[in-house]
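Just so we're clear, the structure is a prediction, and the values are computed from it rather than from any experiment. Both ligands and their constituent atoms are indexed starting at 1 by order of listing. Heads up: numbering here begins at 1 and tracks the sequence.
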Amino acid sequence: MIRTENLTKVYRMGEVEVQALRDVNLEIQDGEFIAIAGPSGSGKSTLLNMMGCLDKPTSGAIFIDDIDTGMLSENKLAEIRREKIGFIFQQFNLIHTLNALENVALPMFFAGVGRETRLKRAEELLAKVGLEDRVDHKPSELSGGEQQRMAIARALSNDPEIIIGDEPTGNVDTEAGNVIMDILEGLNREGRTIIVVTHDAEIAARAGRTKRMRDGKVLD
Ligand SMILES: Nc1ncnc2c1ncn2[C@@H]1O[C@H](COP(=O)(O)OP(=O)(O)OP(=O)(O)O)[C@@H](O)[C@H]1O
Ligand SMILES: [Mg+2]
């Protein structure tokens, strides 16, 4: 379970302050599929980054499985990110010099998984997202939808309980977006918690629950 308590984020840029999150209280149950919608600048990415322990709030707290993440050391936070959370981004964030197999295997390298195991697992994960015929392809040799599926396979490499996607269908066409949602739904059926930000009402409609944000607040 992920729970935020009076979560506030203020970005300070010299003299200027941007209040990106204002007292956000949100509870996400294990195994939920939740969509977060709302206009540009409403704080969606900021909220995801906090829930994924990629950034720290100005005030308030984030609990993951009842652990107050604000009390954890950097090392412990990195461990949570690595072991519990898989990230998918709008821009895919793949490494262009590596092929699909290597991209997917990379987080396992950092997690200390041996070479044989990680290559075998990377192959299985690519098959899971329908890319078994593309293991040798570099990101530039794949379509946008395929690149995002590669990113999903990579996000799965450490078998995360939680998958966080910031506009995972934002840079692909409707058909590829639906394939990505099919994959995310399958992962949700496996019991994983899925949190996606989307501008697309049709995509949001496929989640179990949608929360809307405006001006740094989560609306009821
Ligand atoms: N690193 C940063 N430094 C300063 N201000 C930031 C930073 N990141 C975001 N902001 C500001 O915080 C507010 C919320 O940004 P955020 O990226 O969370 O919005 P969003 O809802 O994800 O928007 P979009 O739909 O365009 O991605 C915006 O006003 C933005 O300009
Ligand atoms: Mg955003």
Subject >> Heavy atom of Gly216, distance to ligand 1 below 4.0 Å >> reply: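 Flag not set, Gly216 not near ligand 1.
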**OP:** Tell me, please: is Gly38 in heavy-atom contact with ligand 1, that is, under 4.0 Å?
**Re:**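 No; Gly38 lies far enough from ligand 1 that no heavy-atom distance drops under 4.0 Å.
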Output the list of atoms in ligand 1 that are nearer than 4.0 Å to some heavy atom of [X], sorted by atom number.
X      : answer
His199 : 25 (O)
Ala20  : 12 (O), 13 (C), 14 (C)
Pro39  : 21 (O)
Ser42  : 19 (O), 21 (O)

**OP:** Tell me whether Ser45 has at least one N, O or S atom under 2.8 Å from the Mg ion (ligand 2).
**Re:**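 Of the N, O and S atoms in Ser45, at least one lies under 2.8 Å from the Mg ion (ligand 2), which means yes.
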Original post:
Which one of Lys76, Arg81, Arg82 satisfies the salt bridge (charged side-chain N to carboxylate O under 4.0 Å, His left out) criterion with Glu79?
Top reply: Lys76
**OP:** Could you tell me whether Val18 and ligand 1 have an N or O pair separated by under 3.5 Å?
**Re:** no
**OP:** Answer yes or no: does an N/O atom from Glu167 fall short of 3.5 Å to an N/O atom of ligand 1?
**Re:** no
Without swapping roles, check the side chain of [X] against the backbone of [Y] for a donor-acceptor pair under 3.5 Å.
X      : Y      : answer
Thr4   : Leu26  : yes
Thr198 : Glu167 : no
Gln148 : Pro168 : yes
Gln147 : Leu142 : yes
Asn49  : Leu54  : no
Lys9   : Lys56  : yes

**OP:** Go through the side-chain N and O atoms of Glu27 and Gln29 and say whether any donor and acceptor fall under 3.5 Å apart.
**Re:** yes
Subject >> Arg206 and Asn178 side chains, donor-acceptor separation under 3.5 Å >> reply: yes
Could you find the nearest protein heavy atom to [atom] and give me its residue, atom name and distance?
atom                    : result
atom 27 (O) of ligand 1 : Ser45 OG, 3.9 Å
atom 14 (C) of ligand 1 : Gly41 O, 3.4 Å
atom 26 (O) of ligand 1 : Ser40 OG, 2.5 Å
atom 9 (C) of ligand 1  : Tyr11 CE1, 3.3 Å
atom 25 (O) of ligand 1 : Lys44 NZ, 2.7 Å

**OP:** Answer side chain, backbone, both or neither: which part of Thr46 comes under 4.0 Å from ligand 1, heavy atoms only.
**Re:**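 Both parts.
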Original post:
Which bit of Met213 gets closer than 4.0 Å to ligand 1, counting heavy atoms only: side chain, backbone, both or neither?
Top reply: neither
**OP:** State whether the number of non-hydrogen atoms from other residues, nucleotides or ligands found under 6.0 Å of Glu175 atom CD is greater than 12.
**Re:**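 No, CD of Glu175 has 12 or fewer neighbouring heavy atoms, counting only those of other groups under 6.0 Å.
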Original post:
Does the protein put any heavy atom within less than 4.0 Å of atom 31 (O) of ligand 1?
Top reply: no
Original post:
Taking all atoms of both residues into account, what is the closest heavy-atom pair of Ala155 and Phe87, and its distance?
Top reply: CB-O, 3.6 Å
